[in-house]
Amino acid sequence: MNVAVITGASMGLGEEFARQIAARQQNLVLIARSEDRLKALASELEDRHKIRALTFTCDLSVVGAADKVQEFLTEEKLHPTWLVNNAGLGAVGGFDEMDAARVHSMLMVNMTALVELTHRLLPQMRLSRDARIINVASTAAFQPVAYFNVYSASKTFVLNFSEGLHEEMRGTDVNVLALCPGPTPTNFHVTGEMDAALFDKGQSAADVVRMGLEASDHNRAILVCQRQLPIFLMNYMPRFAVRMAAGMVARRMMKKGVGSKES
Ligand SMILES: NC(=O)c1ccc[n+]([C@@H]2O[C@H](COP(=O)([O-])OP(=O)(O)OC[C@H]3O[C@@H](n4cnc5c(N)ncnc54)[C@H](OP(=O)(O)O)[C@@H]3O)[C@@H](O)[C@H]2O)c1
C-alpha cells in the first residue's frame, strides 16, 4: 500500500498536512510522540476520507529513529511515496544559557532525523511516478538569528540540504520542496516558551500547508510563506545589518524571565 509519511503529525502544521493530504485520498503514516493524539487523528481521517491512516509513535530525537520508521514500514508492507519532514522544535534565549537537552533535541529532530529518514526512504520513493519530499524549514533559515541561533542554523541546514536534493532529483519523478513558513500560530511558540504576539499575527497553519502542497505540485524548490519583501530586501542589506535586525526580532520573542527548557 502506498503511503504519505508525515512526521510531527500530532499537532500544528503536521496535523494540517495530515488533513489536507488525506483529503487528496492518500493513505497516511502519522509519526510523533503523542500516541493518543495520533490515534484520534488517524481514526477521524479514516472515517472522513475512507483512507488508511496508520500511526507510529516515535521520539525522533533518539539515535536510530529513522531506522525504526523504516522497519515499521517494511513490517507493515507499506510503500512510502510522499515524505513530509515536518517535526521540529525551537528555543529562544542566549546560547550559553540554553538547556542542553533542548539543544540536543533541536539538532536531532530538526536535522539528523530529517536527513536520515529521507536517506532511508528515498530509494523506495524513487520507484513512484509521483514522489514528494516536503522539508519544513523556516524564514529563520535565510540569515543568522542571534538568540534563536541553534534553531535558525538548523533550518539553514534544512534549506540548503533540500535545495541540493531538489537539484539531484531534477529530471526524476521526485519533487523536493523546502517549505519556509514565517511565524505561524501552532504549538511551536508554546513548547519553545516564546512570546505569542508575533505568532498570533501569522498566516494560519491551513494556509501554509495549502500553499506548500501547491508549491510541491509545481515542483518548486523553495516556498516562503510570509510577505516576501523582507527576505528580498535582505539581499541588498549589508550582512551585519541583517544579523543585527534578525537578533532584535528574536529578542522580542523571548518571554521575560523565562529560559529554554525541554518540552
Ligand atoms: N509555527 C511556526 O511559527 C513555524 C515557523 C517556521 C517553521 N516552523 C516549523 O514547522 C514545523 C512544525 O512545527 P509546528 O509549528 O507545527 O509546531 P508544533 O505545533 O509544536 O508541532 C511540532 C510537531 O513536532 C513533533 N515533535 C517535536 N519533537 C519531536 C520528537 N522528539 N519526536 C517526534 N516528534 C516530535 C510534535 O509532536 P509530539 O510532541 O507529539 O512528539 C509535533 O507534532 C517545525 O519543523 C517548525 O520548526 C514552524
Side-chain angles (χ1 to χ4, degrees), residues 5-20 29-42 55-66 68-69 83-92 101-117 134-142 145 148 150-159 161-162 177-209 211-212 222-226 231 249-250 253 262-263:
V5 176
I6 305 171
T7 69
S10 60
M11 60 188 93
L13 289 167
E15 178 182 340
E16 196 55 45
F17 269 113
R19 292 185 181 286
Q20 295 193 26
V29 172
L30 308 177
I31 300 173
R33 292 167 301 180
S34 309
E35 187 169 13
D36 291 350
R37 293 184 71 110
L38 288 182
K39 286 201 184 314
L41 178 63
T55 63
F56 184 63
T57 311
C58 176
D59 185 345
L60 292 169
S61 71
V62 171
V63 173
K68 293 262 161 36
V69 173
L83 171 61
V84 182
N85 279 308
N86 161 78
L89 65 157
V92 285
R102 191 157 185 97
V103 170
H104 181 74
S105 288
M106 268 191 284
L107 300 176
M108 293 299 288
V109 178
N110 296 4
M111 296 190 295
T112 306
L114 179 146
V115 171
E116 292 190 347
L117 204 47
I134 300 176
N135 291 333
V136 182
S138 167
T139 48
F142 291 92
V145 187
F148 205 30
V150 176
Y151 176 76
S152 67
S154 76
K155 293 299 182 179
T156 304
F157 176 90
V158 173
L159 176 62
F161 169 72
S162 306
L177 171 73
L179 176 63
C180 301
T184 309
T186 63
N187 218 42
F188 177 80
H189 64 276
V190 180
T191 55
E193 296 185 324
M194 301 167 208
D195 195 275
L198 188 67
F199 295 86
D200 288 346
K201 290 185 209 134
Q203 262 173 325
S204 70
D207 282 351
V208 169
V209 168
M211 290 166 68
I222 306 175
L223 180 74
V224 177
C225 290
Q226 71 167 31
I231 301 231
V249 173
M253 284 163 30
E262 185 56 74
S263 62

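Note that ligands are numbered from 1 as they come in the structure, with each ligand's atoms numbered from 1 the same way. The first residue in the sequence is number 1, and the count goes up from there.
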N/O donor-acceptor pair under 3.5 Å between [X] side chain and [Y] backbone:
{"X": "Gln20", "Y": "Ala206", "result": "yes"}
{"X": "Asn86", "Y": "Val136", "result": "no"}
{"X": "Ser154", "Y": "Tyr151", "result": "yes"}
{"X": "Ser34", "Y": "Arg37", "result": "no"}
{"X": "Ser162", "Y": "Ala178", "result": "no"}

If you define the side chain from C-beta out and look only at heavy atoms, does anything of [X] sit under 4.5 Å from [Y]?
{"X": "Lys39", "Y": "Leu30", "answer": "no"}
{"X": "Leu41", "Y": "Glu15", "answer": "yes"}
{"X": "Leu223", "Y": "Cys180", "answer": "no"}
{"X": "Leu107", "Y": "Phe157", "answer": "no"}
{"X": "Thr139", "Y": "Val224", "answer": "yes"}
{"X": "Leu177", "Y": "Asn135", "answer": "no"}

Which of the numbered atoms in ligand 1 are under 4.0 angstrom from any heavy atom belonging to [X]?
{"X": "Ser34", "value": "38 (P), 39 (O), 40 (O)"}
{"X": "Cys58", "value": "32 (N), 33 (C)"}
{"X": "Val136", "value": "9 (C), 10 (O), 11 (C)"}
{"X": "Asp59", "value": "30 (C), 31 (N), 32 (N)"}
{"X": "Tyr151", "value": "6 (C), 7 (C), 8 (N), 9 (C), 46 (C), 47 (O)"}
{"X": "Thr186", "value": "1 (N), 14 (P), 15 (O), 16 (O), 17 (O), 19 (O)"}
{"X": "Phe199", "value": "3 (O)"}
{"X": "Val109", "value": "30 (C), 31 (N)"}

Return a yes/no value for [X]: is any of its N or O atoms, backbone included, closer than 3.5 angstrom to an N or O of ligand 1?
{"X": "Leu60", "value": "yes"}
{"X": "Ala32", "value": "no"}
{"X": "Gly8", "value": "yes"}
{"X": "Ser138", "value": "no"}
{"X": "Thr139", "value": "no"}
{"X": "Phe188", "value": "yes"}

- Query: For atom 44 (C) of ligand 1, which candidate among Asn86, Val158, Thr184, Leu13 holds the nearest heavy atom?
  - Reply: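 Selected option, by shortest heavy-atom distance: Asn86.
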- Identify which of Arg33, Glu15, Met106, Met11 has a heavy atom lying nearest to atom 28 (N) of ligand 1.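 Selected option, by shortest heavy-atom distance: Arg33.
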- Mind telling me whether Phe199 and His189 have parallel, tilted or perpendicular rings, with 30° and 60° as the class edges?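 Aromatic pair His189/Phe199 classed parallel.
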- Part of Ala65 with heavy atoms under 4.0 Å of ligand 1, whether side chain, backbone, both or neither: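 Within the 4.0 Å criterion, Ala65 makes no contact with ligand 1.
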- Should the proximity of Arg37 to ligand 1, defined as any heavy atom under 4.0 Å, be assigned to the side chain, the backbone, both, or neither?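 Neither; nothing of Arg37 gets under 4.0 Å from ligand 1.
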Less than 4.0 Å is my threshold; does some heavy atom of [X] fall inside it relative to ligand 1?
{"X": "Ala137", "answer": "yes"}
{"X": "Ser105", "answer": "no"}
{"X": "Ala140", "answer": "no"}

- Message: Working note: Leu117 + Asn85, criterion side-chain contact (heavy atoms from CB on, under 4.5 Å); need CA distance, chi angles, decisive distance, verdict.
- Response: CA-CA 8 Å; Leu117 204 47; Asn85 279 308; 3.8 Å; yes
